[in-house]
Amino acid sequence: MATVLKVFDRWKEFLGERVEQAEKAGMSEELISKLAFQIGEFLSDKVDPENKEERVLKELWDVADENERRVMASIMVKLAKANN
């Protein structure tokens, strides 16, 4: 996972693959977004950003309220799908 986080394009590709797998497993977009929110919370609390794109996302995440974070998570899912 640490290697994936070093290059933002690789991170988006990794997320896109996970979203595709979740969809194939029958998960709804709403459930995938909820999981993305939980992953975002974990990454924000436990993982130091390894590139400038992730640092911007962390700064936005840190100043956002819970509803805004849920929107960000949903947008990240859409971004991952668009880049996969």
Side-chain angles (χ1 to χ4, degrees):
M1 180 96 146
T3 302
V4 170
L5 292 173
K6 289 184 180 178
V7 178
F8 192 67
D9 285 338
R10 179 65 189 115
W11 173 239
K12 288 189 299 185
E13 183 180 319
F14 175 81
L15 288 176
E17 292 168 0
R18 301 293 84 76
V19 169
E20 185 178 339
Q21 288 175 340
E23 288 176 334
K24 285 182 180 175
M27 289 183 169
S28 68
E29 188 160 332
E30 181 181 349
L31 179 57
I32 294 169
S33 291
K34 285 181 181 178
L35 292 172
F37 172 77
Q38 292 173 356
I39 292 168
E41 290 282 277
F42 173 81
L43 290 174
S44 179
D45 291 343
K46 307 288 185 195
V47 179
D48 190 39
E50 295 195 20
N51 57 52
K52 64 183 177 185
E53 293 90 348
E54 291 170 4
R55 177 119 357 244
V56 168
L57 286 173
K58 179 171 178 24
E59 288 180 15
L60 291 170
W61 193 270
D62 288 346
V63 299
D65 63 27
E66 183 177 330
N67 287 335
E68 293 166 331
R69 289 177 179 177
R70 291 187 185 280
V71 170
M72 287 179 63
S74 179
I75 292 169
M76 284 302 297
V77 169
K78 288 182 179 180
L79 178 65
K81 288 172 68 173
N83 286 284
N84 193 21

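Owing to the predicted nature of the structure, the values given are computational and were not obtained by experimental measurement. Atoms considered below: every heavy atom in the structure, side chains included; atoms not considered: hydrogens, waters and symmetry mates.
- Lys58 NZ to Leu43 CG: the interatomic distance, rounded to the nearest 0.5 Å, is 10.0 Å.
- Residues Leu57 and Met76 form a side-chain contact, since some pair of their non-hydrogen atoms from C-beta on lies under 4.5 Å apart.
- For the pair Arg18 and Phe14, the distance from NZ or CZ to the six-membered ring centre is under 6.0 Å and the angle to the ring normal is within 45 degrees.
- Counting only residues at least two apart or on different chains, the side-chain hydrogen bond (donor to acceptor under 3.5 Å, both in side chains) pairs with a member in residues 25-35 are Glu29-Lys81.
- Annotation: salt bridge (Lys or Arg N to Asp or Glu O under 4.0 Å) contacts of Asp45 (sequence neighbours excluded): none.
- Criterion: ILVMFWY side-chain heavy atoms under 4.5 Å apart, direct or through other members. Under it, Phe8 and Val47 are part of a common hydrophobic cluster.
- Annotation for Glu50 and Glu54: closest pair N-OE1, 3.0 Å, computed over non-hydrogen atoms.
- Glu20 has a carboxylate O that lies under 4.0 Å from a charged side-chain N of Lys24, or vice versa, which qualifies the two as a salt bridge.
- Through direct or relayed side-chain contacts under 4.5 Å between Ile, Leu, Val, Met, Phe, Trp and Tyr, Ile32 connects to Val19, Met27, Leu31, Leu35, Val77.
- A side-chain hydrogen bond (donor to acceptor under 3.5 Å, both in side chains) check over residues 69-79, counting only residues at least two apart or in different chains, returns the pairs Glu41-Arg69, Glu66-Arg70.
- A pairwise comparison of heavy atoms in Phe37 and Trp61 identifies O-CZ2, 3.7 Å as the closest pair.
- For Lys52, there are no side chain to side chain donor-acceptor pair (under 3.5 Å) partners at least two apart in sequence or on another chain.
- Residues meeting the side-chain contact (heavy atoms from CB on, under 4.5 Å) test with Asp65, sequence neighbours left out: Asn67, Glu68.
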